Asker: 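My structure is below; once you've seen it, I'll send some questions.
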Protein chains: 2
Amino acid sequence: MSEKSPVLNAPVQSCRISRPRERIVATARDLFHKFGIRSIGVDTIAEAAGTNKMTLYRHFGSKDDLICECLQEVARDVETMWGEITASNPNDPRAQLQEWVRRSAECVVNDGRGCDLANAAVELTEADHPARKVIEGVKRTYYIHLVDLCRAVGVAQPELLADALSLLFEGARVSRQSVGAEGPSARFVRMSEAVISAFADRTH
Amino acid sequence: MSEKSPVLNAPVQSCRISRPRERIVATARDLFHKFGIRSIGVDTIAEAAGTNKMTLYRHFGSKDDLICECLQEVARDVETMWGEITASNPNDPRAQLQEWVRRSAECVVNDGRGCDLANAAVELTEADHPARKVIEGVKRTYYIHLVDLCRAVGVAQPELLADALSLLFEGARVSRQSVGAEGPSARFVRMSEAVISAFADRTH
DNA sequence: GACCAGAGTTACCGGTCAGTAACATCAACG
DNA sequence: CGTTGATGTTACTGACCGGTAACTCTGGTC
């Protein structure tokens with residue numbers, strides 16, 4: 001079960017690999033994603049992360065803290081993705097938007113559960129839950145990224161296109177979760193491209 | 001607190017009003033909707049319904065049973081809504097589709113929490129949970145209704161339009177829940193109409 | 001070797017939750 | 001009046017869950 005760094009104990013030791021804290025967050029993200037936040041107890045997380053509850057509580061003041069940390073890591077991943085999209089086709093916003101569609105579709109098909117942030121918003125109904133600020137913040141910056149990209153493409157109504165695309169994406173993820181993979185979410189790419197070209201036609 | 005039928009105890013008595021069972025389902029639907037399924041215990045439901053846990057368990061074998069009953073009532077409401085849409089503008093599918101957009105937008109604006117079925121799918125992650133069949137069934141018939149309506153309107157690709165509209169709607173509800181009322185969901189009507197006219201333009 | 005911070009172990013607390021048992025009440029109906 | 005069926009009441013079980021206390025262990029540093 002336990003990895004005791006079987007080889008190479010001499011020089012790499014200074015850079016500690018797989019610290020409990022990182023394993024806890026990674027495990028929590030995985031379990032929260034698969035089974036929901038409220039279904040998973042801290043004991044389960046700690047055990048699955050190969051550690052124990054006390055260590056978990058030494059790093060995170062509460063389960064809510066851990067939840068927020070997980071969502072913030074999601075936020076970082078999202079930011080990384082936008083960087084990769086920009087870097088994928090420099091100075092070609094149209095291709096970048098296609099790359100966004102491709103990645104989003106990949107996300108819809110490969111992942112039966114929806115967006116972690118949206119799911120958290122469903123599960124954490126307390127109006128003052130600390131996670132709500134994180135969720136709102138990430139979704140907001142995500143939308144700004146998408147608007148910027150649509151504007152760079154040069155459509156007449158970049159905000160409206162970004163609205164439509166983000167709702168299509170959000171809807172596809174939640175639809176796949178309710179109806180299954182053969183439902184409307186299966187045509188996400190075609191719909192997105194149809195909407196994009198519809199908006200593009202109106203400008204040129 | 002308790003209503004003891006203060007007046008009119010003579011003739012209406014035979015038709016029992018507000019039976020515990022109905023109050024339980026109505027209360028459960030309300031509380032599940034507002035606070036989520038997992039946050040609400042059976043005790044809370046029973047008390048809020050003006051009854052007690054034992055009576056609840058005499059009518060429903062388990063909490064999961066009650067959940068399914070609630071979702072099935074949602075299904076009945078949805079079916080009623082489709083009937084009303086059809087009756088609202090007989091023989092005018094285009095107006096019926098606009099009525100659908102209007103009602104859906106109303107739903108998005110007035111209701112901070114999303115669709116009960118989609119939310120239930122998020123919360124109940126067990127693959128074999130009895131509620132999942134209900135959810136899938138309702139969403140499927142809903143989609144069929146929408147496809148039929150789009151076909152009646154006479155667009156070239158009714159399935160794709162129905163896909164797009166249902167995803168926009170689904171996305172709007174979940175987006176409003178995560179980002180708030182000022183996010184992309186605020187432009188749901190404009191987006192829907194834009195998509196509808198884009199699909200309609202391609203046919204004529 | 002002394003020290004110390006991080007991590008593991010065990011046990012516990014208080015609360016909540018789904019579900020049940022046993023008994024009391026009450027209204028309708030014959 | 002007596003029966004019956006639905007409901008109310010109270011108390012309970014067993015499991016789980018978030019969080020804490022106290023102690024031990026270990027690996028690195030000076």
Side-chain angles (χ1 to χ4, degrees), chain A residues 1-6 8-25 27-28 31-32 35-70 123-126 129-131, chain B residues 1-5 8-25 27-28 31-32 35-70 123-124 126 129-131:
Chain A
M1 278 287 184
S2 59
E3 322 275 285
K4 295 185 178 182
S5 65
L8 290 182
N9 52 351
V12 207
Q13 206 63 305
S14 68
C15 161
R16 271 187 192 259
I17 26 178
S18 98
R19 283 188 291 265
R21 187 180 210 280
E22 298 164 11
R23 283 182 322 213
I24 289 170
V25 176
T27 309
L31 293 177
F32 286 160
F35 306 106
I37 293 175
R38 301 195 79 116
S39 324
I40 296 295
V42 285
D43 267 311
T44 310
I45 296 169
E47 192 182 357
T51 177
N52 53 72
K53 192 160 55 166
M54 268 316 299
T55 302
L56 189 152
Y57 275 101
R58 283 187 195 110
H59 287 287
F60 306 96
S62 66
K63 188 185 179 184
D64 284 347
D65 272 18
L66 176 57
I67 294 169
C68 287
E69 183 56 41
C70 288
E123 288 199 87
L124 310 173
T125 55
E126 304 98 310
H129 195 288
Chain B
M1 277 289 185
S2 60
E3 324 273 285
K4 292 186 179 182
S5 65
L8 292 179
N9 52 351
V12 208
Q13 206 65 304
S14 69
C15 161
R16 271 184 191 263
I17 27 180
S18 96
R19 283 190 293 266
R21 187 181 208 280
E22 298 163 9
R23 284 184 323 217
I24 289 170
V25 176
T27 310
L31 293 177
F32 285 161
F35 306 106
I37 292 175
R38 301 195 80 113
S39 323
I40 297 295
V42 285
D43 267 311
T44 309
I45 295 169
E47 193 183 357
T51 177
N52 52 71
K53 192 162 54 167
M54 268 315 298
T55 303
L56 189 152
Y57 273 101
R58 284 187 194 111
H59 287 285
F60 307 96
S62 65
K63 187 185 179 183
D64 285 346
D65 272 17
L66 177 57
I67 294 169
C68 287
E69 183 57 40
C70 289
E123 289 199 87
L124 310 173
E126 303 98 314
H129 195 288

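Below, all heavy atoms of this structure are taken into account, side chains as well, without hydrogens, waters or symmetry copies. By convention in this document, chain letters (A, B, ...) are assigned in the order of the sequence lines, proteins followed by strands, and residues within each chain are numbered from 1. Only a predicted model underlies this, so the values are computations on that prediction, with no experimental measurement involved.
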Asker: Among C/dT20, D/dT7, D/dG19, which nucleotide sits nearest the side chain of B/Tyr57?
Answerer: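 Given the options C/dT20, D/dT7, D/dG19, the side chain of B/Tyr57 is closest to C/dT20.
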
Asker: Answer yes or no: are there more than 12 heavy-atom neighbours, outside B/Glu126 itself, under 6.0 Å from its atom CD?
Answerer: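 More than 12 within 6.0 Å, yes.
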
Asker: Can you tell me if A/Thr55 touches the phosphate of C/dG8, counting only side-chain N or O atoms and a distance under 4.0 Å to OP1 or OP2?
Answerer: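 Yes.
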
Asker: If you check every side-chain atom of A/Arg23, which of D/dG18, C/dG8, C/dA18 has the closest atom?
Answerer: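 So the side chain of A/Arg23 is nearest to C/dG8.
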
Asker: I want to confirm an ordering. Mapping A/Lys63 and B/Arg21 to their closest nucleotides on DNA chain D, which one lands closer to the 5' end?
Answerer: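 Its nearest nucleotide lies further toward 5', so the answer is B/Arg21.
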
Asker: For the side chain of B/Met54, starting at C-beta, report the closest nucleotide among D/dT10, D/dG18, C/dA7.
Answerer: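 In terms of side-chain proximity for B/Met54, the closest of D/dT10, D/dG18, C/dA7 is D/dT10.
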
Asker: May I have the distance from B/Asp65 (atom CG) to C/dT20 (atom C1'), rounded to whole angstrom?
Answerer: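 So the two atoms are 16 Å apart, to the nearest Å.
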
Asker: Strictly below 4.0 Å: does B/Thr51 bring a side-chain N or O up to OP1 or OP2 of D/dG8?
Answerer: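 The answer is yes; a side-chain N or O of B/Thr51 sits under 4.0 Å from OP1 or OP2.
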
Asker: When you get a sec, tell me which of C/dG8, D/dT9, C/dG19 is the closest nucleotide to the side chain of B/Arg58?
Answerer: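 Out of C/dG8, D/dT9, C/dG19, the nucleotide with an atom closest to B/Arg58's side chain is D/dT9.
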
Asker: Would you tell me if any nitrogen or oxygen in the side chain of A/His59 comes within less than 4.0 Å of OP1 or OP2 on C/dA7?
Answerer: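 Yes.
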
Asker: Starting at atom CD of A/Glu47, determine the distance to atom P of C/dT9, rounded to an integer number of angstrom.
Answerer: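 These atoms are roughly 11 Å apart.
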
Asker: Please state how far atom NZ in A/Lys53 lies from atom C1' in D/dA21, giving the value in whole angstrom units.
Answerer: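 In whole Å, D/dA21 C1' and A/Lys53 NZ are 12 Å from each other.
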
Asker: Return the value, rounded to whole Å, for the distance between atom CG of B/Leu56 and atom P of D/dT10.
Answerer: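 Atom-to-atom, B/Leu56 to D/dT10, this comes out as 18 Å.
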
Asker: Expressed in angstrom and rounded to an integer, what is the separation of B/Arg19 atom CZ from C/dA27 atom P?
Answerer: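 Atom CZ in B/Arg19 sits about 18 Å away from atom P in C/dA27.
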
Asker: Would you say B/Lys63's side chain and B/Ile37's backbone share a donor-acceptor pair under 3.5 angstrom?
Answerer: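 Checked: pair present.
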
Asker: Could you state the CD1-C1' distance from B/Ile37 to C/dT16, rounded to the nearest angstrom?
Answerer: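 Taking CD1 of B/Ile37 and C1' of C/dT16, I get 18 Å after rounding.
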
Asker: When the distance from CD1 of B/Ile24 to C1' of D/dA6 is rounded to whole Å, what number comes out?
Answerer: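 Whole-Å distance recorded here is 12 Å.
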
Asker: Identify the heavy atoms of B/Pro20 and B/Thr55 that sit nearest to each other, and give their distance.
Answerer: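 That would be CB-CG2, 4.0 Å.
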
Asker: Will you find, in the side chains of A/Ser39 and B/Arg38, an N or O donor that is under 3.5 Å from an N or O acceptor?
Answerer: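 There is such a pair between these side chains.
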
Asker: If you only use heavy atoms from C-beta on, which nucleotide in C/dA18, C/dG8, D/dT9 is closest to the side chain of B/Asn52?
Answerer: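 So the side chain of B/Asn52 is nearest to D/dT9.
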
Asker: Could you give the CG-to-C1' distance, from B/Asp43 to D/dG8, as a whole number of Å?
Answerer: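 Roughly 14 Å, once rounded to whole Å.
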
Asker: Between B/Ile24 and B/Ile45, what is the shortest heavy-atom contact and its length?
Answerer: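 The answer is O-CG2, 4.0 Å.
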
